[in-house]
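Right, one structure below, let's go through it.
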Number of protein chains: 2
Amino acid sequence: MLINEEDVPALARGCAVLGTGGGGDVRTGALAARRAIRAHGGVPLVRLADLPDDALVLPLSGIGAPTVSHEMIHGEDEPERVAKEVERIFGRPPAAVMTSEIGGSNGVAPVAWAARLGLPLLDADGMGRAFPEVQMVSMYVAGLPADLVIMSDVAGNVVTIRPVDGLWSERMARAVCVASGSSALMADYILPAVQARGAVIEGTVTRALAVGRATERAADPLRALQDELAARRLITGKLTDVERHTTGGFVRGAAVIEGTGADRGRTLTLELQNENLVALEDGRVRAIVPDLITVVDTETANAVQTEGLRYGQRVTVLAWPCDPLWRTRKGLETAGPAAFGYDFPYVPVEELA
Amino acid sequence: MLINEEDVPALARGCAVLGTGGGGDVRTGALAARRAIRAHGGVPLVRLADLPDDALVLPLSGIGAPTVSHEMIHGEDEPERVAKEVERIFGRPPAAVMTSEIGGSNGVAPVAWAARLGLPLLDADGMGRAFPEVQMVSMYVAGLPADLVIMSDVAGNVVTIRPVDGLWSERMARAVCVASGSSALMADYILPAVQARGAVIEGTVTRALAVGRATERAADPLRALQDELAARRLITGKLTDVERHTTGGFVRGAAVIEGTGADRGRTLTLELQNENLVALEDGRVRAIVPDLITVVDTETANAVQTEGLRYGQRVTVLAWPCDPLWRTRKGLETAGPAAFGYDFPYVPVEELA
């Protein structure tokens, strides 16, 4: 299939839902995608099975603090500078763009980057959601080495990192990102299709489109979204407290939702680091990372991203299971509660009544 | 000539004097140089004229805050990782190592790096002294593009920066350095010998050796050093106040020297950022960057580096002219008083009575 301009709003809506609050403002990515498609034409969506073994897959993502990327005007030449560096290093150009994280702006902006590069977009990503740190990707969980990161920023700088491991990769990339003004385009885990098989989460662009379309023309958008996601409703209520601060390239904070209607008298607290990490009620965990927790507008069922949280909003919090990959031992080590400094053990959202 | 183990102490002493307080602790560099020579043999010192036009010159320097590099145990594989990345990028290995700054540890440590790589050392550097920021080099003043920086750290990470200009180069390299624990090996301005001609300051390794030897067996070491440098004596006295703090990868601070003997009643204040930048007396400038200002032990004439300044030390402050390159318009723009945030106009030390 071809991703055309009219597909972008649904894709953006779906990416916002899968973003669990983070991944950057989808409006920025959607704007970039629409503009690039107008200039360069629609972007073919290809399956991994369609690519020859040696085709280079170029995973791209924006890195930075959402509250900054919100404000930053992205340049348009970063993808080309990164692709040029890829060709210099690998001796051949990339064959397809992949989104590193389907959640948030990073799910939809790759459409723009692929359009500009004249490349197809792979129907896959490295998270099935959004995560705040660069080593939290399926390729890392699959044991692939994070041995090359290429970054470019709006000023035109290109930085190539050959880190000794995933944690150094994150540390170095974050430092470069902050020096770039807390916003940069990043490529990591650049690999031939043969290596990507089994190491990426397939079908996630198609899924984001389906999630975005589920609420279109629905009589009850919230119900339609909940069904599409097979999600639990944790609470419906009013945002009564929002606390956010940007530090070290991350947004950290918390949000409190007081129940209304049938949920009157209940209070849910969300703790976040770019993404919503844990939902607590009376000190008990209702859902926890890596399962997905998204705040949506109760009326429209549109996702409310971290940077859009406002006092008084009428919202519903949904939670649903992550990709099985994140529930493996290595998956939980990488992006489970302990990876974010929580003492809570991981319990799948289906088991938290 | 061949730099042997017994040449290292004189070289280190000379580099400390040319370091104007900074460039990192020469003892660390000297130790590394002696150990590497013992393991790999002496290092040939070559002149630029001896190299064929296409021979790649590899300028190397340690980057970091002196108070940190002081404490850090440097790995021994950084030069090889950097050289490997050079070969990957240029398609041929480097032919000679050059010290980016002759002042301080960075003047003597390249002997170790050259010995480990089995390469000769070029009798030249990019400063003729030490400077705190990476764009403050003769290659930048000569108009060569700072379009490639390769860094490696003790953890084993290799970072290649393609900055848009020298200021971005400094900003990015500094960020990577801080992420590396405020210490890294850096190569920049990697260039063929043909481009280095006229863009580097020649003869500075020979000069550092001569400065280091001037005080050997001298009846009056201070007088011998002053004569070798053609330096002015700004004050002889006692260190009565030292203030230092490490911030953003730099050491900043000030030192106060109260005159003794013939200088009783006078007070000299040094302001520093890794290096000694300006010497003030009664609010008047006595010497200012890019001219060289070094604190030496009054008895032995050994240089006292920034991190070695201690209350009560009996010291003499010497000042002498920088390389003419730094007195050009571009030279002063790059490393004159204004480049360090001073309002003082530059006046050559010879004209400041």
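Residue numbering restarts at 1 for every chain, and letters A, B, ... go by the order of the sequence lines. As a basis for the values below, the full set of heavy atoms in this structure was taken, side chains included, without hydrogen atoms, waters or symmetry mates.
- Atom OG1 of A:Thr160 is separated from atom CD of B:Glu85 by 7.5 Å, given to the nearest 0.5 angstrom.
- In terms of heavy-atom pairs under 4.5 angstrom with chain B, the leader among A:Asp165, A:Val149, A:Ile89, A:Val159 is A:Val159.
- Put simply, the side chain of B:Arg162 reaches to within 4.5 Å of the side chain of A:Arg88, judged on heavy atoms.
- Taking every heavy atom of both residues into account, A:Val176 and B:Val176 meet most closely at CG2-CG2, 3.9 Å.
- When all heavy atoms of A:Ser180 and B:Trp168 are compared, the pair lying nearest together is CA-CZ3, 4.1 Å.
- Heavy-atom pairs under 4.5 Å with chain A were tallied for B:Pro163, B:Ser152, B:Ser169; the largest tally goes to B:Pro163.
- In this structure, B:Glu333 places its CD atom where more than 12 heavy-atom neighbours from other residues, nucleotides or ligands lie under 6.0 Å away.
- For A:Arg81, no part sits under 4.5 Å from any heavy atom of chain B, backbone or side chain.
- Distance check, rounded to the nearest 0.5 Å: CG of B:Asp153 to CE of A:Met172 gives 4.5 Å.
- Between atom CD1 of residue A:Ile161 and atom CD1 of residue B:Ile161 there is a gap of 9.0 Å, rounded to the nearest 0.5 Å.
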